[in-house]
Protein chains: 2
Amino acid sequence: MAQRDTGTEQLIKDTAKRIFFSEGKLHATTQDIADAAGVNRTLLNYYFRSRDILFEQVAIEAREEMSAVLDHVFTAQLAFKEKLQQLINVFMDQAMKFPYREVYIVTELNRTDKAVPEEKKVRIKAFLKEISEEMDAGKIKKMDPRQFLMNLFSLMAYPLITNCLNKSIYNINDNEYLKLMKDRKKLIFEMIYQ
Amino acid sequence: MAQRDTGTEQLIKDTAKRIFFSEGKLHATTQDIADAAGVNRTLLNYYFRSRDILFEQVAIEAREEMSAVLDHVFTAQLAFKEKLQQLINVFMDQAMKFPYREVYIVTELNRTDKAVPEEKKVRIKAFLKEISEEMDAGKIKKMDPRQFLMNLFSLMAYPLITNCLNKSIYNINDNEYLKLMKDRKKLIFEMIYQ
DNA sequence: TTGTTGTTTGACAAAAATGTTAAACATAAT
DNA sequence: ATTATGTTTAACATTTTTGTCAAACAACAA
């Protein structure tokens, strides 16, 4: 396919991701993406054949990027406590850059009525087991381990999705918001781990 | 305007809300909404003039419905503990019905590049003050009260937004999911209030 | 240089979504 | 029954978005 790699294909995908995941413009058109990338719209068809294929490719890579982060932390040779700290650190850094990534994944699934892709559940199950053991050891409050994971991801992801609302509600500017989000890393850890 | 109220205007809005807030189909067209409501698409223009006006009206009412719930609980004549329990109970019931309501509000703001509407901050400020007092009284962990509120809403809202993903990741069906969400009410309260 | 191949562009075509209009319809009042 | 008024519909028009194609362009090889 791409014999002379001009970087255009990657540029288009990166731009699409910026618009969708960072700016949260889920209704962006192919023209919007082309303009933002500074390329002719026809190139989107040249590299991806159709809008739907491009959008799905972006969704697929979003899921892959997500799994990659989680797998990396889940399989790290670390004690649970350190794993947790690293997970919070890495995930929140990504969430601050791409706050709407999960929202994009979900809305694309809702839009296309496509079956939810079966996740590789081995890593998750192993981590759920670790969580259970930590509960037995009294390091974290006893509950359904799935609830524990939902709590964790909720605390990390949601405030960034509702960024614009929070800034209005709590009367804070960009800098202060950034500080609040950085503080959250420590706060979340202390909240779920004694 | 509506001398003979046939209920059509309300039907259109209710249908739009169902599609946007419940089904999470944020890319729905006017035709999609008309079909789902079982009415001629022209009626959307008859009652709302344009698509944009309808969509903004829906967003405005979404914010109003949200504030209404919060205001009601915030100003209730109850002790903080009971207020919190009621808030969790009422908010999660709504979130289970309309999981994507906040997402709709946010994406409409991002789509239209409209200024974030200034919220009535009096009630919020009063509640933030109550939270501070509760912290001083040792009933909740000390932190920035805004973080406390973010925690609370994150824990309530996020798992419902990611419903379809969670079902795949944790291998659960609709019924089990419903039970998990009901259990969360108690779980969230115990997590943030000693 | 010339030919080859992959890339980019503009003009055009097609499809999808939204908006407009006149006429049909229904209901209530005269 | 007839008129008046608000509601609904179908046909049409417009705008927006997406897709196609041939030609121009750029890099590389023979």
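In this entry the distance linking NE2 of His27(A) with P of dT16(D) reads 17 Å, nearest Å. Here the P atom of nucleotide dT20(D) and the CG atom of Leu43(A) are 15 Å apart, to the nearest Å. The separation between Phe48(B) atom CZ and dT7(D) atom C1' is 14 Å, rounded to whole Å. Rounded to whole Å, atom P of dC12(D) lies 18 Å from atom CG of Asn45(B). Between the CD atom of Gln31(A) and the P atom of dA11(C) there is a distance of 14 Å, rounded to whole Å. For Asp35(B) and dA16(C), the CG to P distance is 14 Å, given to the nearest whole Å. For Ile12(A) and dT9(C), the CD1 to C1' distance is 13 Å, given to the nearest whole Å. With rounding to whole Å, Glu56(B) atom CD is found 18 Å from dT18(C) atom C1'.
Thr6(A) has a side-chain polar atom (N or O) that falls below the 4.0 Å cut-off from OP1 or OP2 of dT8(C). Remark: Thr8(A) is in phosphate contact with dT8(C), judged by side-chain N or O atoms under 4.0 Å from OP1 or OP2. Tyr46(A) has no side-chain polar atom (N or O) that falls below the 4.0 Å cut-off from OP1 or OP2 of dG6(C). In terms of phosphate contacts, Thr30(B) brings no side-chain nitrogen or oxygen within less than 4.0 Å of OP1 or OP2 of dA17(C).
For Arg41(A), the side-chain hydrogen bond (donor to acceptor under 3.5 Å, both in side chains) partners are Gln31(A), not counting sequence neighbours.
Taking each heavy atom of Leu84(B) and Ile192(B) in turn, the nearest pair found is CD2-CD1, 4.2 Å.
Counting atom types as modelled, Arg41(A) pairs no side-chain N or O with a base atom of dG10(C) as donor and acceptor under 3.5 Å.
Which of dG10(C), dT7(C), dT8(D) sits closest to the side chain of Asn40(A) comes down to dG10(C).
Between the side chains of Tyr170(A) and Glu176(A), no donor-acceptor pair is found at a separation under 3.5 Å.
Comparing Thr29(A) and Gly38(B) along DNA chain D, the residue whose closest nucleotide (by nearest heavy atom) sits nearer the 5' end is Gly38(B).
Nucleic acid contact class of Thr42(B) (heavy atoms, under 4.0 Å, all strands): base.
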Would you list the atom pairs, donor with acceptor, under 3.5 Å between side chains in residues 85-94 of chain A and any protein atom, with sequence neighbours excluded?
unit_1, atom_1, unit_2, atom_2, d
Asn89(A), OD1, Lys185(A), NZ, 2.8
Asp93(A), OD1, Lys185(A), NZ, 2.8
Gln94(A), OE1, Arg101(A), NH1, 3.0
Gln94(A), OE1, Arg101(A), NH2, 2.6

Pair Glu133(B), Lys139(B) - check salt bridge (Lys or Arg N to Asp or Glu O under 4.0 Å), show working.
CA-CA 9 Å; Glu133(B) 289 166 0; Lys139(B) 305 304 281 182; over 6 Å; no
